[in-house]
Each structure stands twice: as structure tokens, then as C-alpha cells.
Amino acid sequence: MRLSYIYSMKKVLIAIVLLITARAASAQKELLPFDEHNKYIYYQVVDQPTLTADTMYNRALYFLKTAYPKLKVKTDKTNESISGAGKFVVTSTMLLKHEDGEISFTYTIESKEHKYRFWLTDFTFTPYKTDRYGKSVPADGIEIPLEKGTTKLTKKQVDNYLDQAGTYSKQFGDRLKQYMVRLSVTPVKETKTKVISTKNW
Amino acid sequence: MKKKLLLLVLAVSAFSFASKAQDTIKTTGDAPLVVYGSVDTYWKYDFSKHANIGTYFASDNNSVSLGMIDLGLKKKVGKASFVGELAFGPRGQYQSTPNGDGNALNANNTFNIQNLYVSFDVTDKFNLTAGYMATFVGYEVISPTGNFNYSTSYLFGAGPFQNAGFKATYAFSDKVSLMAGIFNDQWNSYAAVTQSYTDAGGTVHQNGEVSTFGAQLMVAPVKGWTAYINFMSGKYSGTIEDLTTTYQITDAFKLGLNAANKTGAGAADYVGAALYPQLAVSKVVTLGIRGESFKLKSTPTAASTTYSAFTLTANIKSGPLTFIPEIRFDHNKDMPFTDSSFSPTKTASQFVLAAVYGF
């Protein structure tokens with residue numbers, strides 16, 4: 001009786017371990033293949049049959065200004081391409097999430113008649129250190145391209161940061177798509193909270 | 001029991017997939033409450049067979065001794081943030097923080113506080129901060145995760161550890177910022193405590209002034225090079241001019257420099273400089289040297305005296321854990337050290353092995 005109980009317990013524990021392992025393996029880093037320059041890239045081409053190049057260009061500008069106001073934005077003279085740079089914070093996978101550093105990247109958004117494309121690349125990790133005031137600040141002068149990450153970081157760290165870079169890039173693309181397809185991209189006004197009057201009944 | 005465990009598996013499963021659905025990186029909104037800090041311990045062997053070098057921390061000879069457990073909490077909501085950092089252990093208590101608030105009745109009532117301040121971003125470039133903060137002066141810090149060497153320089157020990165006050169910082173760009181602030185009359189004190197008087201009942205009362213001016217100009221002339229030009233002056237705490245700079249010259253080589261001059265009231269006057277070259281020789285090992293020259297200036301009762309110190313340190317990292325083996329040689333022609341038979345000598349040397357875990 002006791003042996004069969006232990007056996008059942010073992011199966012249950014194995015199931016928990018497998019479940020957790022499966023979750024860890026469902027990583028977003030697969031979203032970042034290498035480009036022709038051997039750099040990680042998040043690249044998407046999206047058809048928008050009803051939209052003109054100008055409309056998409058303007059909506060992309062509005063998207064950057066509204067959804068990612070801290071990104072640097074550079075436009076070209078032909079009104080077809082927007083590029084720039086940004087960064088986001090990456091955390092460790094420990095129980096208490098620790099700000100490990102930040103990843104800087106460059107992005108490009110290009111529009112043509114009825115389609116647009118965008119990509120994020122040049123992912124570069126800068127570790128954080130805790131300064132004398134307890135603030136997490138970038139370590140001066142240390143920049144580690146994720147392609148060469150394993151020369152300075154552990155494989156586990158690199159996988160974690162690639163995962164977070166993939167998640168960030170996907171989120172960037174999903175939000176861009178939302179701004180592109182909306183006819184009106186102004187934020188929806190919150191409906192006024194209904195007030196119940198107890199005076200009249 | 002088995003059913004309960006199976007329910008647990010289902011619950012974990014549901015949680016797992018629910019979490020995945022929200023598996024996004026926050027780009028806006030408020031940061032969570034962050035817990036950070038460090039734990040450190042060390043063994044030191046002084047070649048004179050007794051503790052001989054009077055700089056801070058790593059004080060016990062031939063003993064596996066405590067540094068401290070440092071526990072910080074921080075959070076930012078919108079434009080407002082706070083930091084509260086407590087330390088327990090010799091390094092974090094009597095070696096680096098004051099007892100009580102300066103009132104005799106609180107003499108043994110340690111607050112354990114390293115940092116306690118609130119901060120407000122008036123704009124993206126302009127910040128106001130008030131509270132009890134680590135000093136802005138100097139290269140080395142109290143937290144072992146903030147230093148490369150485990151033992152400290154003479155410059156570190158002679159200068160301030162903390163300053164309580166109010167400061168405003170304006171960032172002109174990523175490359176230039178200026179801080180100016182008004183701080184309490186004394187360094188390393190939870191309250192301004194310069195003056196005291198005794199009432200008719202014999203009770204001593206402390207009064208103070210917020211009368212020390214401090215400023216810091218930060219410049220980052222080229223990528224990887226940051227310099228802080230610091231100035232602090234007060235009627236009761238004297239004047240310090242300080243330069244602290246680091247330059248990550250290549251991926252592997254970093255050079256740091258600290259130079260300072262203290263004059264006037266308060267702590268002993270000094271002048272000195274320390275150079276910190278460091279070379280990463282592998283992914284986990286970095287070697288560094290600290291070379292320092294430090295002069296305690298003459299006083300009406302004592303002549304000036306000059307120390308030189310040479311410290312060779314390795315940082316061996318394994319994730320958040322850093323092993324720090326270190327050997328140090330100090331020299332002073334005025335023979336402030338003692339040899340193994342306690343006779344005065346010009347030189348002192350020690351070996352330290354420390355372990356520091358940062359989180």
C-alpha cells in the first residue's frame with residue numbers, strides 16, 4: 001500500500017516537473033532568426049490591401065509617438081521609411097525578479113502601397129549595476145551584442161534575454177498592427193461612470 | 001492525498017497557461033516593489049599576525065567574519081519613488097552607520113539605515129530627492145557589490161559615508177547633468193546635530209543646521225567614460241573637492257581614478273589619489289590593482305603623514321556570487337604599523353578572501 005502510494009506521488013511530481021519544463025521551453029526566442037548579416041532579427045511583412053503608403057506612414061509615426069514615446073525616431077525624405085532606436089529592461093528568471101540590464105535595439109518601419117514591413121535588430125545587452133543610492137543603472141561602456149552573448153554571459157542568461165527580446169518585438173509588432181488597422185487611432189474615451197441617485201424613486 | 005496532488009497539478013497547469021497569456025513585457029506603467037541587496041563574509045590573514053591596516057571593513061584578523069546583510073526596497077509609481085536600505089552586521093552597522101540620531105538618549109539605538117529617501121521626477125530631466133543618502137563624494141562605497149576591491153582605500157575611510165539633505169538634479173543630456181543640494185551640518189548623521197545645550201534639568205538637547213552645500217557635475221565625454229566632479233562645503237564639516245571617474249577603454253580593460261582634497265572644519269584634512277586599472281581575463285575572472293597615495297595633513301598637534309597602498313584583487317564570478325581573493329601591501333615611513341612582535345614598522349601586508357552575493 002505504502003509503495004504504491006509513493007509510486008503515485010512520484011508520478012505526480014514528475015508531471016509537475018514536466019509541466020514546468022514545458023512552460024520554460026515555450027520560449028519566444030524562436031521569433032528571432034538570423035538575418036543575412038548573422039544578426040538576430042524580428043522581421044514581418046504585413047499586407048494591408050485597403051491602406052495607402054502615406055496612410056500607413058502617418059499611422060506608424062502616430063504609433064511611435066503614442067505607444068513608444070521614448071523611442072528615437074528618424075524619418076526619411078521620401079516618407080516611406082521610419083527608423084530609430086530604443087531599449088527595454090530585461091529581468092532575471094529568479095523567484096524575485098531582478099533587473100539584470102537593458103537591451104538596446106534599432107528598428108525600421110517601411111510602407112508601400114497596400115503593405116508595410118518592419119524589423120527590429122542590433123539587440124545589444126548592457127548589464128545593470130546597483131549604484132550607491134540603490135538605483136539600477138547601466139554599467140558604463142559595457143555593450144554585449146546578443147549574437148556574441150555567450151562570450152560574456154551564460155547560455156541560460158542569453159536564452160532568457162533572447163526570449164524577452166522576442167516577446168518585446170512581438171508586442172511591438174502586434175501594437176503596430178493595431179494602430180495600422182484602426183480607422184481612428186485616438187484612444188477611446190472612458191464611458192462616464194453611472195451614478196445612482198437615491199433621491200428620486 | 002493523491003487527488004489533492006492531482007488538483008495541484010491542474011492548478012499549476014492553469015496558472016502556467018494563464019501566465020503565458022499575459023507573457024508580455026511592460027513598456028509603460030509602474031514598476032513593482034523591488035527587493036535588492038547583498039550578503040558578504042570574509043577571512044583575513046595579516047602577515048604581522050594581528051590586525052594592522054586601519055582601513056575600513058575586513059577588520060578581523062584570522063577569523064571567518066561577517067560583513068553584512070544589506071536589504072533594500074525600492075518602488076516607483078509614476079513620477080514618485082522611494083528607496084529604503086537597511087544593513088545588519090559589522091559592515092552595515094557600527095562600521096558605516098551612526099548610532100541613533102545624535103541624541104545621547106538614543107546613543108545605542110541604531111537605525112540600521114544606509115539609504116532612506118524619496119524622489120520625484122518633476123520632468124524627464126529634472127529630479128528632486130530628499131532624505132538620508134549615500135554620499136555623492138568618492139569612488140568606493142559601503143556595499144561590497146559596488147566595489148571591486150574588498151578592503152577599502154584610505155580615501156574612502158577619510159571621506160563621508162552618508163549625507164542627509166535635499167538635492168535637485170538636472171540632466172542637460174545623457175552626457176551632462178548637474179546636482180546641487182543642501183545637506184545637514186555633519187556627515188554620517190541621521191540628524192543635524194552641530195549645536196547642543198543643557199537645560200535646567202540637566203538634559204542635553206541637540207540642535208543643528210541644514211547648512212552644507214553640495215554639488216556634482218557629471219560629464220560623459222566619450223562612450224564608456226564618466227566623470228563626476230564633486231564639491232561639498234559646510235561651516236561645520238569643511239570643504240571637499242573630489243574627482244571620481246571611470247573609463248571602460250576596451251571590452252576587457254577599465255580604468256578608474258579618484259582624487260580628493262579636504263580642508264577646514266570637521267573630520268581630519270587630507271589629500272590623496274587612487275588609480276584602479278582592471279582587466280577581464282576571462283568571462284568569469286577579472287584582475288585589478290588599486291594603487292593609492294594618501295596624506296593626512298598636519299594639525300596643531302600632529303605632523304602630516306603619508307600612506308601608500310598597493311592592492312591586487314581578483315573577482316571570480318559565478319552568477320550572483322563573487323569570490324574576492326586579495327593581497328595588499330601598505331607603506332608609511334612614519335611607522336604607524338607594527339610587526340609580529342608589535343614593534344613599529346613602515347610596512348604592513350594582508351591577504352583577504354571574501355565572498356559576496358548580490359541580489
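In what follows, every chain begins at residue 1, and chains take the letters A, B, ... in the order their sequences are listed.
Heavy-atom pairs under 4.5 Å with chain A were tallied for B/Val83, B/Ile142, B/Thr135; the largest tally goes to B/Thr135. The candidate with the highest count of non-hydrogen atom pairs below 4.5 Å against chain A, out of B/Ala134, B/Gly224, B/Ser81, B/Ala220, is B/Ala134. Contact count versus chain A (heavy atoms, under 4.5 Å) is highest, among B/Asp70, B/Val141, B/Thr145, B/Ile249, for B/Val141. When A/Thr151, A/Asp131, A/Thr130 are compared by the number of non-hydrogen pairs under 4.5 Å with chain B, A/Thr151 comes out ahead.
Crowding of A/Lys70 atom NZ: a count of heavy atoms from other residues, nucleotides or ligands under 6.0 Å not exceeding 12.
Between B/Asp251 and B/Gln248, the shortest heavy-atom distance links the atoms O-NE2, 3.3 Å.
Residue B/Asn115 touches chain A through its side chain alone, counting heavy-atom pairs closer than 4.5 Å. Both the backbone and the side chain of A/Ser136 come within contact range of chain B, judged by heavy atoms closer than 4.5 Å. Neither the backbone nor the side chain of B/Tyr247 comes within less than 4.5 Å of any heavy atom in chain A. Neither the backbone nor the side chain of B/Ser143 comes within contact range of chain A; no heavy atoms are under 4.5 Å apart. Of the atoms belonging to A/Lys152, heavy atoms from both backbone and side chain fall under 4.5 Å from chain B. For A/Ile144, no part sits under 4.5 Å from any heavy atom of chain B, backbone or side chain. Proximity to chain B (any heavy atom under 4.5 Å) is shown, for A/Lys156, by neither the backbone nor the side chain.
In this structure, B/Lys74 is positioned above the aromatic face of B/Tyr36, its NZ or CZ under 6.0 Å from the six-membered ring centre and within 45° of the axis. Stacking of B/Arg91 on the aromatic ring of B/Phe57 is recorded, both the 6.0 Å distance cut-off and the 45° axial limit being met. Judged by the 6.0 Å distance and 45° axis criteria, B/Lys317 is not positioned over the aromatic ring of B/Phe148.
Classification of the A/Tyr68-A/Tyr168 ring pair by plane angle, with boundaries at 30° and 60°, yields perpendicular. Ring-plane geometry between A/Phe118 and A/Tyr116 is classed as parallel, the angle between the planes falling under 30 degrees on a 0 to 90 degree scale with a further cut at 60.
Between the side chains of B/Asn127 and B/Thr129, at least one donor-acceptor pair of N or O atoms lies under 3.5 Å.
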